[in-house]
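What follows is a short report on a single structure.
Fair warning: this is a prediction, and the values are worked out from it, not measured in the lab. Heavy-atom basis, side chains included; hydrogens, waters and symmetry copies ignored. Labels below follow one simple rule: chain letters A, B, ... track the order of the sequence lines, proteins then strands, and each chain is numbered from 1.
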Amino acid sequence: MSPAARPISSVRLPGVAFALVAASAIVMAALVLLPLFVVFRDAFDKGIGKYLAAVSDPDAVSAMKLTLLVAGIAVPLNAIFGIAAAWCIAKFEFRGKGVLLTLIDLPFSMSPVVSGLVWVLLFGAQGWFGTWLIDHDIKIIFATTGLVLATILVTFPFVARELIPLMQDQGADEEAAALTLGASGFTTFWKITLPNIRWALLYGVLLCNARAMGEFGAVSVVSGHIRGLTTTLPLHVEVLYNDYDFVGAFATASLLASLGLVTLVLKTGLEWRHAGELAANRKH
Amino acid sequence: MSDQTRHIGSVELRRRPWLQHSILPGFGLSLGITLTYLGAIVVLPLTALAIRPWELGLHGVWHELSAPRVASALKLSFGLSALAALLNAPLGLLLAWTLSRYEFPGRRILDALVDLPFALPTAVAGLALTAIYAPNGPLGSLAAKLGIKTAYSALGIFIALVFIGLPFVVRSLQPVLQELDHEVEEAATTLGADARQRAVRVILPAMAPSLISGVSLAFARAVGEYGSVVFIAGNLPGKTEIAPLLIVIKLESYDYAGAAAVGVAMVAISFGSLVLINGLQLALAKRGKA
Amino acid sequence: MNLQPTANTEAKSPLSLEISGISKSFGRFPALRNVSLQARDKEFLALLGPSGSGKTTLLRVLAGLERPDAGDVRFDGEDFLSIPVRHRRVGMVFQQYALFRHMSVAQNIAFGLTVRPRSVRPSKSEVADRVADLLCLVQLEGLGSRFPAQLSGGQRQRVALARALAIEPKMLLLDEPFGALDAKVRRELRRWLRDLHDRAGVTTVFVTHDQDEALDLADRVAILKDGELRQLGAPNDVYENPADPFVYDFLGAACRLPGIVEGGRLRVADWETKAETDAPQGRVEVYFRPNEVVLAPLDGAGLAGEVRAVAARGPDVRIECLIEGQIFELESRGPGIPAGVAPGLALRIKPLRPKVYAAQPRV
């Protein structure tokens with residue numbers, strides 16, 4: 001939202017305005033803020049010592065590393081895909097574009113569990129390629145590769161969805177101008193297109209990363225929950241919770257909640273400062 | 001020489017009649033990356049999903065889906081998602097209205113916080129909601145005094161689904177509320193409409209398409225939701241077991257075809273309802289334009 | 001109508017741009033149909049036409065941004081179509097300017113120089129000098145560090161021009177160069193652009209839908225409609241002798257009446273005059289400009305009309321007349337309303353230079 005867009009208050013009624021604002025604040029506090037508060041309260045329930053012990057536990061540390069690794073692979077791949085898809089969809093006219101757009105949007109409307117399930121159907125022990133994989137001693141499901149694949153599928157549209165409307169909006173005139181001035185195709189992309197989409201790209205990467213690190217359903221299906229090996233941070237939360245290690249579970253959850261908060265702050269900052277350079281439609 | 005150029009040009013045009021010529025480079029490369037990636041990440045896996053259930057045969061799939069446990073899980077998931085999305089309509093309207101119509105201290109922070117359910121990893125949300133609504137939690141204990149069971153019941157699932165769906169409705173409505181032509185409202189005022197009439201007869205109808213699209217997004221998200229629900233649900237078969245959880249359970253017993261059948265059913269029902277909602281929205285939008 | 005005599009370069013300089021038989025369609029829509037025209041060296045050529053006439057498409061073909069389906073473009077005898085955009089060295093000014101929004105004005109202007117291959121790239125100080133020269137040329141000294149968003153429309157247009165000139169183009173292409181500007185800025189920039197062209201000495205093609213602008217600025221005007229070239233000529237020629245009714249109508253206000261040419265005489269209603277020798281025979285359409293009439297001529301010959309309304313607007317007097325059942329708004333120049341002209345007056349109106357075209361079969 002642009003800071004220039006002043007709220008209009010033409011329908012302001014004395015009393016009603018206050019009541020509406022108060023009601024909104026209550027809804028937000030009870031529904032949205034309370035959970036956030038509870039996470040941190042329960043994480044420090046047994047003191048800071050227990051908290052630090054929980055987050056420095058070897059299994060927690062390896063879960064952190066795995067989470068970073070998975071996001072570190074999935075996010076750049078999706079970013080490259082997003083740029084490529086946005087380039088061909090926004091800058092060229094060809095038949096079949098609608099189908100392409102629908103397919104790119106598809107993962108948003110799928111249950112995360114289904115996004116994990118499909119990989120099991122392909123690479124699980126009884127999946128299409130299961131026997132072949134076992135014969136060649138390759139492990140995808142219950143291994144890092146599976147986690148990466150599931151994460152990629154879930155976070156697939158984020159960057160592309162951010163870039164496509166923006167690049168369609170910007171048109172191809174600046175690129176055409178660069179070419180008439182003698183720039184090569186690569187120079188044009190590097191010096192004209194990329195700088196024009198940098199904030200939107202960052203925005204998309206930010207959202208993609210938040211979802212990649214926080215994903216639960218999809219990775220839960222392909223993980224196998226092998227402690228210290230195939231549990232990402234969100235899965236580690238569940239493992240600890242099921243073990244009745246509540247401090248551990250909430251401490252780990254507080255790390256993820258912090259990730260969410262940082263994302264929120266950065267995202268809001270981008271929206272305030274670079275509203276014009278982000279895509280106009282702000283839907284998740 | 002120019003003849004040759006044109007010849008090459010026309011050959012190229014004939015080879016790709018579906019592509020309009022452009023001087024920008026990189027179409028082949030970018031489309032190649034897009035199609036390869038899309039094929040490997042989306043199309044191939046979804047094909048596997050679409051094909052897998054049918055090894056049970058048509059009858060087998062029907063048997064699978066009509067089993068009491070599956071049927072009640074699907075009913076629970078879709079029913080509660082619809083209810084949660086419907087509650088999100090007034091809540092979302094309230095928030096969107098307040099945030100875009102009034103200036104008050106903390107407005108921007110409140111506005112940013114609307115996205116929290118979206119930014120918070122689902123497992124964290126699930127854990128926190130469970131702690132709040134558990135019989136010994138701050139709100140759960142209140143409800144327990146009134147004899148209402150929140151966590152580990154359908155009500156708990158409902159609360160989690162409202163939580164995750166809220167941003168979709170608010171964010172769909174806000175742009176429309178902000179961009180709604182000021183003059184339209186002023187015109188209504190000059191024609192003698194009071195505040196309530198302006199809201200109900202001018203502003204609400206203009207927002208209807210966005211409200212529907214926000215509610216349908218919230219619904220779609222809720223149907224597939226897993227992380228924030230499994231902790232609070234209690235997961236009693238036939239009672240508080242949601243469809244996505246059933247997929248997980250079936251996979252754990254290596255019932256791939258059964259899991260795929262539930263998955264296909266979920267995708268099909270979601271898709272069907274989205275098409276329906278889109279149709280409704282389109283009809284409304286057309287009326288708005290006429 | 002501002003009809004300044006412009007320098008006629010025809011027959012003086014050699015041909016530099018030769019466009020022959022260009023056709024281009026988008027899907028089923030034919031944007032250009034077999035268009036051929038030439039421009040002489042250092043000529044200022046206007047492509048004039050209503051929207052959808054194909055003028056911008058033709059300009060983009062010249063720039064290399066569109067590839068024609070058929071035809072040939074030569075520049076200084078060289079096959080232009082076989083040269084890729086980036087090697088054509090055309091300075092293109094886009095309708096919305098297409099300034100690089102993330103670069104300063106100076107960076108925008110320098111872009112074409114800094115993307116040259118290292119071997120032919122000017123040094124940093126040379127680039128800086130050139131940018132300074134160009135900023136001076138377009139009268140934007142001191143604005144080099146601004147960003148496009150901080151400039152007015154007229155300033156942006158000049159930056160776009162400077163950026164195009166920086167590569168020392170063989171040809172300058174301008175797409176509706178004044179389209180996005182308000183009327184006052186537009187008039188100022190018009191003269192300035194013409195001076196700039198004369199100083200830079202580069203063949204220039206510009207697209208416009210404003211006949212006033214084309215006639216005022218260009219050495220020659222090419223008028224297009226529906227992808228076809230309707231007429232090509234010096235502003236005076238096309239204004240005095242429009243090739244067809246469309247061109248007549250497009251170049252200025254027009255009054256039209258049906259008439260008949262027989263035996264060297266032109267008859268319109270009850271008025272008869274000598275027909276031009278090359279006039280078509282039989283049923284014709286007679287066109288005349290509303291400001292090229294004589295009211296109540298001394299010889300009494302002319303179209304019978306009746307004054308409906310009279311209004312003086314500045315130096316012009318507008319007289320609404322009913323002629324042959326149609327209402328025409330005629331213009332008479334002169335101080336004040338001619339004596340005796342008042343609503344209800346019946347009088348004769350003699351078109352000074354009626355133009356006769358064969359009657360079009362009604363579509």
Practice problem: Among the options A/Ser109, A/Ala172, A/Gly127, A/Ala86, pick out the one with the most heavy-atom pairs lying under 4.5 Å from chain B. | Solution: A/Gly127
Self-check item: B/Leu31 side chain near A/Phe92 side chain, heavy-atom distance below 4.5 Å
Solution: no
Quiz item: Quick one: does B/Leu127's side chain get under 4.5 Å of A/Val39's, heavy atoms only?
Solution: no
Quiz prompt | Part of A/Val32 lying under 4.5 Å from any heavy atom of chain B | solution = both
Practice problem: Measure B/Ala48 against the heavy atoms of chain A and call it side chain, backbone, both or neither at under 4.5 Å. | Solution: both
Exercise. Below 4.5 Å from any heavy atom of chain A, which atoms of B/Val230 appear? Answer side chain, backbone, both or neither.
Key: side chain
Quiz item: Under the criterion side chain to side chain contact (heavy atoms under 4.5 Å, CB included), which of A/Leu153, A/Leu106, A/Leu103 is the partner of B/Leu46?
Solution: A/Leu106
Self-check item: When B/Val42, B/Val248, B/Ile33 are compared by non-hydrogen pairs under 4.5 Å with chain A, the top option
Solution: B/Val42
Quiz item: So do B/Leu38 and A/Phe156 actually touch side chain to side chain, heavy atoms under 4.5 Å?
Solution: yes
Quiz prompt | Least distance between heavy atoms, B/Leu24 atom then A/Ala176 atom | solution = CD2-N, 4.4 Å
Quiz item: So which of B/Ser30, B/Ala220, B/Gly224, B/Ala128 has the largest heavy-atom pair count under 4.5 angstrom toward chain A?
Solution: B/Ser30
Exercise. Any chance you could measure A/Leu264, atom CG, to B/Ile109, atom CD1, to the nearest 0.5 Å?
Key: 11.0 Å
Quiz prompt | Contact leader toward chain A among B/Leu44, B/Leu49, B/Ile41, where contacts are heavy-atom pairs under 4.5 Å | solution = B/Ile41
Quiz prompt | Options A/Val120, A/Thr252, A/Leu179, ranked by heavy-atom pairs under 4.5 Å with chain B, top entry | solution = A/Val120
Exercise. Determine whether A/Leu121 and B/Pro45 make a side-chain contact, defined as any pair of heavy atoms from C-beta on separated by less than 4.5 Å.
Key: no
Self-check item: Portion of A/Ala178 that has a non-hydrogen atom of chain B nearer than 4.5 angstrom
Solution: neither
Quiz prompt | Residue selection (most heavy-atom pairs with chain B, distance under 4.5 Å) from A/Thr268, A/Leu33, A/Leu34 | solution = A/Leu34
Quiz item: Distance from A/Leu20 atom CG to B/Tyr102 atom OH, nearest 0.5 Å?
Solution: 5.0 Å
Quiz item: What is the minimum heavy-atom distance between B/Leu95 and A/Met28, and which atoms define it?
Solution: CD2-CG, 3.6 Å
Quiz prompt | Atom pair NE2 (A/His225) and CD (B/Glu252), whose distance is rounded to the nearest 0.5 Å | solution = 8.0 Å
Quiz item: Side-chain contact, heavy-atom cut-off 4.5 Å: B/Tyr37 with A/Asn78?
Solution: yes
Quiz item: Quick one: what part of A/Ser220 sits under 4.5 Å from any heavy atom of chain B, side chain, backbone, both or neither?
Solution: side chain
Quiz item: Which atoms of B/Tyr256 come close to chain A, meaning under 4.5 Å heavy atom to heavy atom: side chain ones, backbone ones, both, or neither?
Solution: both
Quiz item: Side chain, backbone, both or neither: which part of B/Leu91 has an atom under 4.5 Å from a heavy atom of chain A?
Solution: side chain
Quiz item: Roughly how far, to the nearest 0.5 Å, is NZ of A/Lys91 from CZ of B/Phe27?
Solution: 14.5 Å
Quiz prompt | A/Pro234 portion near chain B, given a 4.5 angstrom heavy-atom threshold | solution = both
Quiz item: Do B/Thr130 and A/Tyr241 have side chains that get closer than 4.5 Å, going by heavy atoms?
Solution: yes
Practice problem: Pick one of side chain, backbone, both or neither for B/Ala125, based on which atoms fall under 4.5 Å of a heavy atom in chain A. | Solution: neither
Quiz prompt | Heavy-atom pair count under 4.5 Å with chain B, highest-scoring of A/Ile152, A/Leu261, A/Val237, A/Val27 | solution = A/Ile152
Practice problem: Check each atom of A/Phe186 against the heavy atoms of chain B and say whether the ones under 4.5 Å are side chain, backbone, both or neither. | Solution: neither
Practice problem: Check B/Arg52 against A/Gln126 and note the closest heavy-atom contact, atom names and distance. | Solution: NH1-O, 2.8 Å
Quiz item: What part of B/Ala40 is in contact with chain A, defined as an atom under 4.5 angstrom from a non-hydrogen atom: side chain, backbone, both or neither?
Solution: backbone
Quiz item: How long is the span from the CD1 atom in B/Ile132 to the CZ atom in A/Phe37, to the nearest 0.5 Å?
Solution: 9.5 Å
Quiz item: Closest approach of B/Gly227 and A/Phe216, non-hydrogen atoms and distance?
Solution: CA-CD2, 3.3 Å
Quiz item: Out of A/Ser254, A/Ala85, A/Ser24, which one racks up the most heavy-atom pairs below 4.5 Å with chain B?
Solution: A/Ser24
Quiz item: Between A/Trp87, A/Phe246, A/Phe189, which has the largest tally of heavy atom pairs under 4.5 Å with chain B?
Solution: A/Trp87
Quiz item: With side chains defined as the heavy atoms from C-beta onward, is the minimum distance between A/Val113 and B/Leu245 less than 4.5 Å?
Solution: no
Quiz item: Checking heavy atoms, do the side chain of B/Leu29, its backbone, both or neither come under 4.5 Å from chain A?
Solution: neither
Practice problem: Check whether B/Val43 gets within reach of chain A through its side chain, its backbone, both or neither, counting any heavy atom under 4.5 Å. | Solution: side chain
Quiz item: Looking only at heavy atoms, which two atoms of A/Val38 and B/Ala131 are closest? And how far apart?
Solution: CG1-CB, 3.7 Å
Practice problem: Heavy-atom distances under 4.5 Å only: say whether A/Ala218 touches chain B with side chain, backbone, both or neither. | Solution: neither
Practice problem: Could you tell me whether the side chain of A/Val221 reaches within less than 4.5 Å of the side chain of B/Tyr226, counting heavy atoms only? | Solution: no
Exercise. Can you measure from CD1 (A/Ile141) to CG (B/Leu251) and round to the nearest 0.5 angstrom?
Key: 9.5 Å
